[in-house]
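Down below is the structure, laid out as structure tokens.
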Amino acid sequence: MRRLSLIVGAVLFAVSCTAGEADTTTAPSAPVTTSPPNTTTSTVVTPTTTTTTTTTTTTTTTTTTLPPTPYGVPAEPRPDPIAPDPGVSDGFDGVGVVTVGAGGAPLYEALDDEEPFVLAREGLMFSAQQRQGEWIEVYTTCDELAWVKADTVVARPPAEAASIGAGFDFAEATIVVDPGHGGPWNIGAASPSGLAEKTVNLDIARRVRDLLSEPRSVDWSTGVILNGTDIPSAGWVILTRAGAGDAGDYEAGLFYRSNLANAANAHAMVAIHNNAGWEIRMDSPGSDVYYQSQIPESRRFAKIMVQELLRGFTPFDANWVGALETGAKSRLSPRADNPQYYGILRRSDMPTVITEGVYISNQSEADLLATAEFRQAYADAVYRALVRFLTTDDTGDGRDSDPVIWYGDAGRGDARPSCVIPSQDPTDQ
Ligand SMILES: [Zn+2]
């Protein structure tokens, strides 16, 4: 998120010197019910030895109980899942999410066009607007409407509505993970040495997806994520930038990202960012998390997120920097009706937060972001926060503040006229 270091109209802010006061809480106030602290759910290994003689059969069974192993730090996130076979859209009424099937899907500007304008790349997801016969109208990554044939995509209706909090089944969770920025013109913030925010955001988001995609356990006393089974895999995980490796580096409009989450009827959305424009030096990480003031649960989500980010980052060494006011925050537009300043928070209908983990503009923190260990720590924190937010009524202990009107500039959110939909045809790129 780009932001100005100069605060205009600072009189409207509850300004206080927060140097050294950032929340360094290291443990959640309440563990999730599915994974009480200090309980190890163990893998049972059952080697079987069979000894056969001419007259009797003896079977010896030994049971060994092993503690779950730490998830650790994969050097790289996993590749994207293989694109599905297209053409299973029977019964789809036109509202939900479509995934471009294997081989790509031609997109048409109008229903009666003879030629498509692009062969959209397999694995891309679009929100569906309506269906007319064999055609589905979609909202593209470039914030425009287009038509696609139903037999070239896989359609999925929105997730079932469900109450989040204690009792919520994580196996039913639909979660949107949104790596901020992307493409040649929207790199986000950058470090003095040239590390682009769009690149680290995507790596972190993919690591969050990988954590959510299989059952896990968490040692809540330490925050260590384990290869256990206490927490089921999330039912549906959507990454707003699809494609393995550099293929995930493309422009995706803010309208597109929110529309996709709304079309999936996601239970939670987290936009992964890193910051620029620090104001003061800090003794601890200056993590900020923006919440939606119009959705009360979003503030609880942000407070939990702040707490988990600080728990994950504090063991690392850096010359930390931050803003005068850190933690869970909300910015309102100076427009008369004071909606949320940030488009993704304004337009998304479910609890959504923007995480500004650390300051990539500060070389010391950028050096951390350049390591897999730190990016995994960021992903681990987001995962823990998602589990706590969705499956408990935990209010979170992260520092927070009330919404303020923001007169700064965050840059454009909608896709540029030069935006290009990723193509299946390599000669299009
Ligand atoms: Zn950003």
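Predicted model only: the values in this text are computed from it and were never measured. The chain is numbered in sequence order, starting from 1. All ligand and atom numbering here is 1-based and tracks the order in the structure. Only heavy atoms go into these numbers, but all of them, side chains included; no hydrogens, no water, no symmetry mates.
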Answer yes or no for R347 and F255: cation-pi contact, defined as NZ/CZ to six-membered ring centre under 6.0 Å and angle to ring axis within 45°.
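Judged by the rule, R347 and F255 form a cation-pi pair.
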In degrees, rounded to 10 degrees, what angle do E197 atom OE2 and H181 atom NE2 make at the Zn ion (ligand 1)?
110°
The side-chain contact (heavy atoms from CB on, under 4.5 Å) partner of V387 among I231, I304, V382, D230 is I231
Only one of E197, K198, R416 passes side-chain contact (heavy atoms from CB on, under 4.5 Å) with N186, and that residue is R416
Which N, O or S atom name in H273 marks its closest approach to the Zn ion (ligand 1)?
ND1
Please find the pair of heavy atoms, one from D393 and one from A166, that lie closest to each other, and give the distance.
OD1-N, 3.0 Å
From E356, does some N, O or S atom reach closer than 2.8 Å to the Zn ion (ligand 1)?
no
